[in-house]
Amino acid sequence: MLEAQVEPYKRLRDNMSQRDRSLREKVVSLEEAASFVQDGMKVGIGGSTMSRTPMALIWELVRQRRKNLSCSRSIVSTDGDLLFGSGVSDHIITSWFAQGILWGLSKVMRHHVEKQGKRYEEWSHMGVGMRFRAGGMGVPFLPMRAMLGSDVLAQRPEAKEIECPFTGERVLLVPALNPDVALIHVQRCDAYGNAQIDGLQFMDIDLALAADRVILTTERIVSNDQIRRAPDQTKIPFFCVDAVVEVPYGSAPHECYGLYEPMMKHLEAYVQQVNADPVDGMKTYLDRYFHEPKSWNDYLAMIGMDELLEASQRGRSIYND
Amino acid sequence: MLEAQVEPYKRLRDNMSQRDRSLREKVVSLEEAASFVQDGMKVGIGGSTMSRTPMALIWELVRQRRKNLSCSRSIVSTDGDLLFGSGVSDHIITSWFAQGILWGLSKVMRHHVEKQGKRYEEWSHMGVGMRFRAGGMGVPFLPMRAMLGSDVLAQRPEAKEIECPFTGERVLLVPALNPDVALIHVQRCDAYGNAQIDGLQFMDIDLALAADRVILTTERIVSNDQIRRAPDQTKIPFFCVDAVVEVPYGSAPHECYGLYEPMMKHLEAYVQQVNADPVDGMKTYLDRYFHEPKSWNDYLAMIGMDELLEASQRGRSIYND
Amino acid sequence: MTEARNYTAAEILPILSARQLRDGQVVFAGVGTPLLAATLAQRLNCPRLTILFEGGVVGAFVEPGKLPPSTNDQRCTRRANMVLGSSDVLLLLQRGYVDIGFMGGAQIDQFGNLNSSFIGDPANPKTRLPGTGGGNDISSLTNMIVAMKHEKRRFVENVDFITSPGFIRGGTSRHDSGLPAGGMFRVITELAIFGFDEKTRRMKVLALNPGVTREEVQDNTGFRLDFDDEIAITEPPTETELRVLRQLDSERLFIA
Amino acid sequence: MTEARNYTAAEILPILSARQLRDGQVVFAGVGTPLLAATLAQRLNCPRLTILFEGGVVGAFVEPGKLPPSTNDQRCTRRANMVLGSSDVLLLLQRGYVDIGFMGGAQIDQFGNLNSSFIGDPANPKTRLPGTGGGNDISSLTNMIVAMKHEKRRFVENVDFITSPGFIRGGTSRHDSGLPAGGMFRVITELAIFGFDEKTRRMKVLALNPGVTREEVQDNTGFRLDFDDEIAITEPPTETELRVLRQLDSERLFIA
């Protein structure tokens with residue numbers, strides 16, 4: 001059963017050949033984009049911790065009450081809380097899961113893992129990275145030299161220790177991870193999905209290549225001409241992308257490199273509320289901020305103009321000399 | 001014996017720990033830089049075909065009459081001729097070896113392989129790439145899905161076909177390649193060796209990470225401040241680099257992206273001369289253009305101002321709208 | 001061939017090859033005729049054709065009169081959507097993003113295997129050829145179109161050396177070698193257009209070029225050819241095709 | 001500890017940690033005390049210290065008063081030499097480019113193994129902790145400095161769960177597990193500085209912090225400690241160290 005986690009190459013290629021990879025416009029609404037994600041799917045999530053999280057897509061999935069998603073991400077923060085707390089996901093594959101280093105343990109994660117039987121499947125950070133990379137390369141595994149000797153590995157029968165056929169050394173093979181769909185937020189892309197990422201890329205390139213479908217949210221849709229003027233800044237080619245949604249502040253209240261830093265007042269209030277009561281506190285938060293607003297912009301308005309503009313001022317300061 | 005090709009991890013790490021990786025200035029002359037390359041070493045060569053070839057370094061190695069080098073490069077063109085023809089190398093690992101598609105077969109390569117017993121060790125292009133990548137990742141091998149079923153593989157007992165422990169599929173493991181030294185030409189770097197590459201990168205990033213020593217030649221040494229203004233354009237970090245040489249037109253007569261295209265008149269004349277007589281034609285060429293000039297600038301002067309300026313005009317036109 | 005023609009053998013190859021491409025496809029093109037044919041298709045009826053080059057280029061529009069001398073030259077990046085490492089662009093093939101690989105060929109056999117490595121015994125070759133480049137990777141990982149000159153010494157029963165695998169020894173041998181995806185799709189020459197039998201995986205003639213007879217094709221081929229039951233006659237190059245082609249290669253690098 | 005001090009426990013940790021670094025080293029730093037300590041060292045006597053962050057950063061100079069809340073925030077890229085993918089920066093560790101890995105710790109044992117995953121039985125844990133992050137990778141692949149609070153429940157004989165390997169079960173067990181490189185180098189607490197015996201690989205006290213006794217260290221430790229034959233007394237934080245530290249964390253994110 002665990003073996004079956006790695007997609008046979010034939011199936012990967014068959015899935016791919018059924019995918020429309022032609023140069024075509026893919027701009028859709030947030031509602032339509034979320035429909036690419038079906039209950040029970042394997043979902044890869046871009047960005048890391050509180051950076052370039054595809055928060056608008058997660059917000060929409062919660063509103064549409066998607067369920068039983070198996071989610072994977074390099075490092076998880078409040079997005080993981082929201083995925084477990086809303087019932088959207090019951091299985092998260094990552095290397096670190098709390099709200100943020102400043103706030104200690106997540107009471108939400110603890111409640112759902114310790115009491116509700118939800119699964120936090122732990123790999124080392126490089127382990128997650130090599131799994132996405134193998135998926136993106138179209139190979140069934142990649143070798144690595146960490147996790148060996150640890151109890152992290154003891155919990156992961158999905159990985160295999162082998163004796164290297166070249167050197168006789170012990171190396172670890174980690175299985176490819178090819179999500180059914182990836183959710184990625186970027187600074188800009190064109191209507192075809194050619195995406196340019198400024199600053200920290202995290203594991204997004206490998207994730208985009210690995211997934212069977214990719215939904216991009218973007219701060220701004222730019223012309224294809226603009227993309228072609230700086231082709232070495234393009235990090236995800238259009239034929240990996242199946243839907244494009246323009247969502248300004250689409251990572252809020254997390255950060256988006258060069259545009260805004262995390263909105264810490266909102267996050268502090270969130271953490272206080274859900275850690276005080278991981279069930280009712282979370283329900284109240286989700287009702288108020290996720291279900292009740294008419295639109296993403298309404299949600300942003302609830303975070304507040306002061307906080308948005310201050311986060312933007314801090315975000316843009318990274319380019320100051 | 002073939003097994004020994006892959007460096008044991010312990011040796012890789014021991015070599016690394018003896019390397020001075022501190023932030024320090026590394027600017028040296030072309031003569032000094034070439035002294036990093038000793039007879040018999042494994043040498044990785046950056047760029048591809050007629051692009052960003054570290055030609056000034058090759059020129060200097062020929063002048064210093066280095067010998068028995070085992071050279072590896074993604075795709076080889078006239079640089080391979082010169083390495084075989086000068087006696088600098090007797091073993092070239094690559095995927096394609098001629099002078100350039102426009103000129104058919106290389107009579108120089110043919111002479112040295114068919115009659116002089118020199119080795120052209122052929123891998124597929126991705127095979128060469130995965131070997132450098134494994135070397136750069138610090139793993140003994142990478143899996144891939146090409147070369148299988150072909151006679152290219154039949155000639156390469158160094159690679160191993162295995163049954164995938166996850167899927168049962170047949171996959172090929174190619175062994176890591178960690179050159180003793182890599183020669184790479186870039187558009188700009190700082191005095192520490194932080195290198196920024198514009199346009200096509202070829203396999204240079206993997207090669208730089210894989211090699212035990214890296215010599216950079218650069219069109220221009222820039223300030224560390226300039227590097228830090230665009231850190232996502234930095235492709236090779238300084239601690240991979242052991243020597244930096246400023247050599248304008250350091251790829252001539254090949255191209256350097258955004259600066260100059262190949263100098264075709266010189267190359268056409270070269271090809272005619274060496275293919276007419278791969279021994280004496282080559283000797284005459286090397287004496288005249290490699291051994292007799294007092295300096296690299298003198299060699300450029302022999303290529304001629306007209307050709308240099310025309311190549312530059314064409315090179316810069318890639319940025320025209 | 002008795003009719004007077006207004007085009008050369010070097011011109012009909014890219015034109016017929018371009019016709020094999022479909023708008024919206026993702027095509028991995030080698031230098032020379034493939035690059036020229038893919039660029040021609042973009043400018044005729046496939047404006048949304050995406051061309052990948054081995055040097056690390058996605059979605060380029062090569063400029064007329066400035067054809068690159070290899071797929072690793074900066075000219076390949078003209079108006080590209082993306083520039084990336086050479087290994088990374090090859091991995092796109094392995095992951096399956098590419099519809100068609102498109103190459104030239106020096107020697108081909110009945111099962112579509114290509115040789116660009118050795119003439120004679122590899123241990124002691126008569127001629128050491130340039131080698132695979134990305135050819136082996138491309139032909140291992142996707143569906144192939146090959147455009148090449150039709151000469152008897154180039155169309156042989158079994159190549160001396162399989163550099164780039166077609167259907168290996170026919171039947172399921174390609175699949176059994178660990179290559180479950182891709183395979184030879186079309187071979188285009190100045191004489192005819194070839195496909196491969198679904199079962200035996202042997203080469204067969206699908207269409208004759210204008211003015212070419214079955215006998216002429218067979219006489220120039222080093223093995224027994226099959227002919228498709230519904231064999232077609234290819235339309236000759238149009239004025240538009242020839243005009244655009246000649247604009248593209250105005251330096252006459254590849255159509256001389 | 002009877003003397004009046006002009007510094008807090010949260011302040012002595014980054015200061016003593018910073019002193020362990022040498023100019024010119026390449027250091028992979030976790031968020032919190034490690035980031036603060038490495039940045040402090042850069043501004044005191046290691047101007048050429050190169051800091052790597054897990055988010056994908058090489059050679060950053062974090063700005064005073066703007067400490068990043070994680071190593072994946074844009075603040076980590078301030079005046080960086082290079083920004084790259086998270087997997088790629090971790091692979092630099094695997095290839096061996098890094099001299100020192102520098103982390104915080106929640107629970108440590110006699111062999112320097114760290115637990116940040118589970119309190120109690122992993123199958124039915126009392127507390128599910130956040131997990132490894134890059135901790136397992138860093139401690140598997142390079143020499144480690146760990147800075148952490150000294151409490152008896154944090155210094156245990158054997159951790160419930162080895163998240164980030166130290167010397168595993170001591171002796172050659174780390175090497176035998178497939179980890180030939182790296183290992184625990186130093187542990188820094190508000191009480192003392194620890195190293196590891198060359199042979200047994202058990203933790204031992206190298207130096208006591210100013211005003212701290214052997215007994216005090218042993219009483220706060222859940223296993224029997226060895227003491228180095230030439231045990232030293234650490235110099236107290238200097239005015240300069242304290243001033244620069246307080247400038248760096250003027251928001252008091254980590255030294256509160």
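Chain identifiers are assigned alphabetically (A, B, ...) following the order of the sequence lines, protein sequences preceding nucleic acid strands; residue numbering begins at 1 within each chain.
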**Fill in**
Residues A:M130 and D:S87: closest non-hydrogen pair is CE-CB, 3.8 Å
**Complete:** Pair count under 4.5 Å, heavy atoms only, with chain A: among D:F254, D:F161, D:F118, highest is D:F161
**Prompt:** With only heavy atoms counted, which part of A:I75 is less than 4.5 Å from chain D, the side chain, the backbone, both or neither?
**Reply:** side chain
**Message:** Using heavy-atom distances under 4.5 Å, tell me whether A:V113 contacts chain D through its side chain, its backbone, both, or neither.
**Reply:** side chain
**Prompt:** So which part of D:L84 gets closer than 4.5 Å to some heavy atom of chain A, the side chain, the backbone, both or neither?
**Reply:** backbone
**Complete:** Bottom line for A:E255: the part with an atom under 4.5 Å from chain D's heavy atoms is side chain
**Request:** Under 4.5 Å, heavy atom to heavy atom: which of residues 94-105 of chain D reach chain A? Give them by number, or say none.
**Result:** D:Q94
**Message:** Tell me which of these, D:V159, D:L129, D:I138, D:L93, has more heavy-atom pairs under 4.5 Å with chain A than the rest.
**Reply:** D:L129
**Message:** Run the ring-ring contact (aromatic ring centres under 6.0 Å, His included) test against A:F202 and tell me which residues pass, sequence neighbours left out.
**Reply:** none
**Request:** Flag yes if more than 12 heavy atoms outside A:K118 fall under 6.0 Å of its NZ atom; otherwise flag no.
**Result:** yes
**Asked** Is there a donor in the side chain of D:D137 and an acceptor in the side chain of A:S124, or the other way round, less than 3.5 Å apart?
**Response** yes
**Request:** Could you tell me which portion of A:M109 (side chain, backbone, both or neither) has an atom closer than 4.5 angstrom to a non-hydrogen atom of chain D?
**Result:** side chain
**Request:** Count the heavy-atom pairs under 4.5 Å between each of A:K235, A:R52, A:Q201 and chain D, then report the option with the highest count.
**Result:** A:Q201
**Message:** Test your reading of the model: is there a side-chain donor-acceptor pair from A:E122 to the backbone of D:T132, 3.5 Å cut-off?
**Reply:** yes
**Complete:** In short, A:L200 meets D:D73 closest at the heavy-atom pair CD1-O, 3.7 Å
**Contact class of D:K126 relative to chain A, heavy atoms under 4.5 angstrom** = backbone
**Request:** Could you check which of A:R314, A:Q155, A:R170, A:E161 has the highest count of heavy-atom pairs closer than 4.5 Å to chain D?
**Result:** A:R170
**Prompt:** Taking non-hydrogen atoms and a cut-off under 4.5 angstrom, which of residues 176-184 of chain D neighbour chain A?
**Reply:** D:D176, D:S177, D:G178, D:L179
**Complete:** Checking heavy-atom separations under 4.5 Å from chain A, one finds in residues 49-58 of chain D D:E54, D:G55, D:G56, D:V57
**Shortest non-hydrogen contact between A:H125 and D:S86, atoms and distance** = CE1-CB, 4.0 Å
**More than 12 heavy atoms of other groups within 6.0 Å of A:Q272 CD** = no
**Side chain, backbone, both or neither of A:S74 within contact of chain D (heavy atoms, under 4.5 Å)** = neither
**Asked** Donor-acceptor pair, A:Y120 side chain versus D:R128 backbone, under 3.5 Å?
**Response** no
**Complete:** Rounded to the nearest 0.5 Å, the OG1 atom of D:T77 sits from the OH atom of A:Y257 at a distance of 3.0 Å
**Message:** If we define contacts as heavy-atom pairs under 4.5 Å, which of A:M126, A:M50, A:E169 has the most with chain D?
**Reply:** A:M126
**Prompt:** Are the side chain of D:N72 and the backbone N or O of A:T49 linked by a donor-acceptor pair below 3.5 Å?
**Reply:** no
**Request:** Test D:R75 against A:I318 for side-chain contact (heavy atoms from CB on, under 4.5 Å), laying out the working first.
**Result:** CA-CA 7 Å; D:R75 289 180 175 195; A:I318 194 72; 5.7 Å; no
**Request:** For A:G149 and D:I168, work out which heavy atoms get closest and say how close.
**Result:** O-CD1, 3.4 Å
**Complete:** Interface check, chain D: of A:M144, A:M203, A:M147, most non-hydrogen pairs under 4.5 Å belong to A:M147
**Prompt:** Where do A:C256 and D:Q74 come nearest, in terms of heavy atoms and distance?
**Reply:** O-OE1, 4.3 Å
**Message:** With a 4.5 angstrom heavy-atom cut-off, is it the side chain or the backbone of D:T71 that approaches chain A, or both, or neither?
**Reply:** neither
**Complete:** Taken to the nearest 0.5 Å, the spacing of A:S150 OG from D:N136 CG works out to 4.5 Å
**Message:** Within the 4.5 Å heavy-atom criterion, are A:F97 and D:P130 side-chain neighbours or not?
**Reply:** no
**Asked** With respect to chain A, which residue among D:P165, D:P69, D:G32 yields the maximal number of heavy-atom pairs within a distance under 4.5 Å?
**Response** D:P69
